[in-house]
Amino acid sequence: MKRPTHRCGSLSEDDVGKRVVLAGWVQTVRDLGGVVFVDLRDRAGVVQVVFNPEVAPSAHEVSQTVRSEYVLQVEGVVRRRSPETVNPKIHTGTIEVLAEELEILNESKTPPFPIEDEIDTAENLRLRYRYLDLRRPRMTRNLLTRHRVASSIRKYLEEEGFVEVETPFLTRSTPEGARDYLVPSRIQPGRFYALPQSPQLFKQLLMVAGLDRYYQIVKCFRDEDLRRDRQPEFTQVDLEMTFVEEADVQALSEGMFQRLFHEVLGLELQVPFPRLTYEEALDRYGTDKPDLRFDLTLVDLTEVFRETQFQLFARAVKEGGMVKALPLKGEAKMPRSELDRMQGEENLKRHYGIQTGARGVAWIKVQAEAWQGPVARALSPQEKEEIQRRCGLEPGDLVLFVAGQKGMVNATLDLLRTHFGRKLGLLEEGTYRFVWVTEFPLLEYDPDEGRYTAMHHPFTAPRPEDVPLLSTEPDKVRARAYDLVLNGNEIGGGSIRNHRLDVQMKVFQALGISLEEAEEKFRFLLEALQYGAPPHGGIAFGFDRIVMLLAGAETIRDVIAFPKTQRAACLLTEAPAEVDPRQLEELWIRILPK
RNA sequence: GGGGUCGUAGUUAAGCCAGGUGAUAACGCCGGCCUGUCACGCCGGAGGCCGCCGGUUCAAAUCCGGUCGACCCCGCCA
């Protein structure tokens with residue numbers, strides 16, 4: 001076998017006249033009886049190879065036996081195509097390689113699906129033959145994009161003085177957070193390691209160690225249910241810095257994305273990114289990860305309806321809930337049939353995928369002469385005036401209302417806002433809208449557990465002025481936490497951490513973690529905080545999600561070489577699999593019957 | 001744990017609601033012809049336990065029950 005001198009897809013008119021050796025896979029064969037054309041593909045693209053019986057009889061003869069996905073080595077001369085045979089559809093369409101020698105390096109079975117971008121093949125088949133799926137140019141490109149993103153981030157962080165430090169995968173399970181993946185210890189029967197959900201505590205310890213600026217592009221593991229943008233093992237860009245406050249981490253992050261977008265997409269990002277507090281985000285968008293590519297905003301009308309005669313709204317307000325509206329400019333033309341599809345839980349689920357507990361969506365059509373819709377009749381003139389003012393309504397507008405408990409109202413309107421943002425074509429493709437969401441609550445009440453849990457994680461620092469509230473009104477305490485949201489996707493989150501033992505202990509106390517429990521689970525951290533722990537903070541980015549957005553992929557799976565299915569299985573290797581009973585015995589594990 | 005969509009040649013789909021004739025098409029595959037194609041073309045051909053198990057029926061791809069698998073969503077994901 002000779003070494004290839006060029007990549008097929010990288011040849012250009014600059015190479016005309018050169019003698020080249022290529023190796024690649026057969027994309028297509030066009031056997032015209034005399035002359036045979038083979039499109040040869042490698043990771044860079046395809047080039048047309050010509051086998052002419054008058055030029056190279058033996059190569060031509062072999063070329064007639066070639067099939068899809070055979071692996072070939074071709075030696076020949078690059079030449080310019082005559083004008084009428086140029087193919088503008090491929091990058092190398094102005095040239096071709098006139099073959100002189102051909103060797104079949106390997107044959108191939110007929111692939112189960114075509115190796116090309118526009119296929120309509122079931123994903124499970126693609127996953128089972130992932131190595132073939134990854135030969136498709138789009139998938140190859142996704143992996144190359146992933147590599148470039150990682151490379152760009154590494155360069156940036158290194159230039160900013162960050163040190164890459166590896167942290168253990170075999171570590172201990174800590175309470176709070178996601179379900180752990182456990183690894184049994186053979187040497188210590190009955191004990192288990194946990195795979196890290198993130199290197200959180202280790203990076204904090206590295207700050208205590210004085211490393212000052214740490215980063216890692218690292219796998220994390222969470223045993224939770226999968227989604228389009230969630231995998232049980234995923235990659236984080238994890239970083240931590242000492243002697244910083246929120247703004248420092250944010251500015252560093254903005255610089256990272258500026259560079260990334262410049263290098264990978266050729267786009268210049270405007271910084272600083274806009275900021276929204278958690279409260280503003282929920283108020284205006286109904287979610288803490290708003291998609292700012294369209295500027296539909298929600299309007300809180302709870303106060304307008306405090307004394308209303310309209311019973312549905314009145315009851316919601318009286319029961320401590322809220323009434324919020326989503327005004328839609330110029331949508332009074334929306335057909336009644338569509339509005340009817342928003343009535344009843346069953347309809348909302350079926351037509352909008354809304355399963356928030358909302359029973360229906362009230363609506364008003366604003367017309368020049370009168371307001372239309374069942375709700376309109378029940379409203380007083382003052383109420384109408386107030387709604388018009390707050391929503392900025394003009395004739396031709398449509399207003400959707402949801403009333404009830406706060407969480408349900410926001411969740412429902414978030415989904416409706418996103419639905420109509422897309423459906424009404426308000427979404428500019430190819431735009432990237434970043435936003436920082438700040439001032440998250442430190443804690444949230446978990447009715448199932450009957451206690452407060454950390455919204456971000458238990459090591460997040462409260463805002464200093466809120467510390468006294470920890471023991472009195474825990475849900476009013478704001479955290480020094482921040483999320484980075486891009487086009488409605490949470491792509492990163494971080495915080496300033498507790499570097500002082502007394503504050504950390506107060507947070508544990510608010511979380512209902514006893515002194516004994518804290519000692520047992522976090523002894524190493526609590527000790528470290530007593531040996532000169534510097535103020536520090538950081539952030540972790542969802543690397544796969546970032547690549548997904550940059551690559552324009554529909555799912556995180558399309559930017560991961562070997563992803564898992566929704567049931568957390570690898571269809572290629574058939575993991576998870578049963579193991580030999582002797583392996584279990586060594587690990588002191590017995591499987592319970594179902 | 002829950003809601004939804006889907007499963008028929010290698011692939012993608014039609015047929016299923018209203019059970020009954022050799023289960024249909026396109027692409028792919030195989031063979032033949034063809035010296036400038038690039039969605040090559042033309043001629044011919046092969047290919048199916050209709051996901052699996054069970055039930056109803058004279059008769060099941062079609063109706064019913066279960067099961068397995070893929071995807072989307074809710075819960076969950078600090």
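- A/Thr555 contributes a side-chain N or O that, together with a main-chain N or O of A/Arg228, makes up a donor-acceptor pair within less than 3.5 Å.
- For A/Lys89 and A/Val50, each mapped to the nucleotide of RNA chain B holding its nearest heavy atom, the one lying further toward the 5' end belongs to A/Val50.
- Here the P atom of nucleotide B/rA13 and the CG atom of A/Leu125 are 12 Å apart, to the nearest Å.
- Checking B/rA70, B/rU35, B/rC38 against every side-chain atom of A/Val35, the shortest atom distance belongs to B/rU35.
- With B/rA70, B/rU12, B/rA39 as the candidates, the nucleotide lying closest to the side chain of A/Thr121 is B/rU12.
- Counting only heavy atoms from C-beta on, A/Asn124 has its side chain closest to B/rA70 among B/rA70, B/rG36, B/rG75.
- Among B/rG1, B/rC73, B/rC38, the nucleotide with an atom closest to any side-chain atom of A/Asp39 is B/rC38.
- Nearest to the side-chain atoms of A/Gln48 among the listed nucleotides B/rG10, B/rC38, B/rC77 stands B/rC38.
- Rounded to a whole Å, the CZ atom of A/Arg227 is 10 Å from the P atom of B/rC76.
- A/Lys109 places its NZ atom 12 Å from the P atom of B/rG10, with the value rounded to the nearest Å.
- In this structure, A/Pro112 reaches the sugar-phosphate backbone alone: every heavy-atom distance under 4.0 Å involves primed, P, OP1 or OP2 atoms, never a base.
- The distance from atom CZ of A/Arg128 to atom C1' of B/rG10 is 11 Å, rounded to the nearest whole Å.
- Heavy atoms of A/Glu84 sit nowhere under 4.0 angstrom from any nucleic acid atom.
- One can find a donor-acceptor pair under 3.5 Å joining the base of B/rC38 and the side-chain atoms of A/Arg81.
- Contact record, A/Lys564 with A/Cys570: CD-N, 4.1 Å, taken as the closest heavy-atom pair.
- Contacts between residues 64-71 of chain A and RNA chain B, counted as heavy-atom distances below 4.0 Å, involve A/Arg67, A/Ser68.
- With A/Arg451 contributing its side chain and A/Leu511 its backbone, the two residues share a donor-acceptor pair below 3.5 Å.
- For the pair A/Asp31 CG and B/rC38 C1', the computed distance is 14 Å after rounding to whole Å.
- Atom pair A/His60:NE2 and B/rU35:P shows a separation of 9 Å (rounding to whole Å applied).
- Distance NZ/A/Lys476 to CG/A/Leu442: 14.5 Å, rounded to 0.5 Å.
- For A/Arg228, the side-chain atoms get nearest to B/rC72 when compared with the rest of B/rG10, B/rU35, B/rC72.
- For residues 479-492 of chain A, proximity to RNA chain B is found at no residue, defined as any non-hydrogen atom under 4.0 angstrom from a strand atom.
- Within the nucleic acid shown, A/Pro53 comes within 4.0 Å of at least one base atom, counting heavy atoms only.
- Just one of A/His536, A/His499, A/Arg497 meets the side chain to side chain donor-acceptor pair (under 3.5 Å) condition when paired with A/Gln204; it is A/His536.
- Judged by distance alone, with hydrogens and angles left aside, the side-chain atoms of A/Arg81 form a donor-acceptor pair with the main-chain N or O of A/Ile95 at under 3.5 Å.
- Within 4.0 Å of A/Glu96, counting heavy atoms only, lies at least one base atom of the nucleic acid.
- At a cut-off of 3.5 angstrom, counting only N and O atoms as typed in the model, there is a donor on one side and an acceptor on the other between the side-chain of A/Arg230 and the base of B/rC77.
- Counting only residues at least two apart or in different chains, side-chain hydrogen bond (donor to acceptor under 3.5 Å, both in side chains) contacts with residues 39-49 of chain A comprise A/Gln27-A/Arg41, A/Thr28-A/Asp39, A/Arg30-A/Asp39, A/Arg30-A/Gln48, A/Arg41-A/Glu69, A/Gln48-A/Glu96.
- Distances shorter than 4.0 Å separate some side-chain N or O of A/Thr565 from OP1 or OP2 on B/rA70.
- Nucleic acid contact for A/Asp120: sugar-phosphate only, since backbone atoms but no base atoms lie under 4.0 Å from a heavy atom of the residue.
- Applying the 4.0 Å criterion to OP1 and OP2 of B/rC72, one finds that A/Arg557 has a side-chain N or O inside that range.
- Using a 4.0 Å heavy-atom cutoff across all strands shown, A/Arg79 reaches at least one base atom of the nucleic acid.
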- Message: If you apply the rule side chain to side chain contact (heavy atoms under 4.5 Å, CB included), what do you find for A/Met505 with A/Leu526, and how did you get there?
- Response: CA-CA 9 Å; A/Met505 290 313 292; A/Leu526 299 179; 3.9 Å; yes
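- Between A/Phe51 and A/Phe37, the distance from one ring center to the other does not fall under 6.0 angstrom.
- Between the P atom of B/rG41 and the CZ atom of A/Phe37 lies a distance of 14 Å, rounded to the nearest Å.
- In this structure, A/Gln566 places its CD atom 13 Å from C1' of B/rC76, rounding to the nearest Å.
- Other residues, nucleotides and ligands contribute at most 12 non-hydrogen atoms within 6.0 Å of the CD atom of A/Glu61.
- Listed here is the closest heavy atom pair of A/Leu40 and A/Ala23: CD2-C, 4.3 Å.
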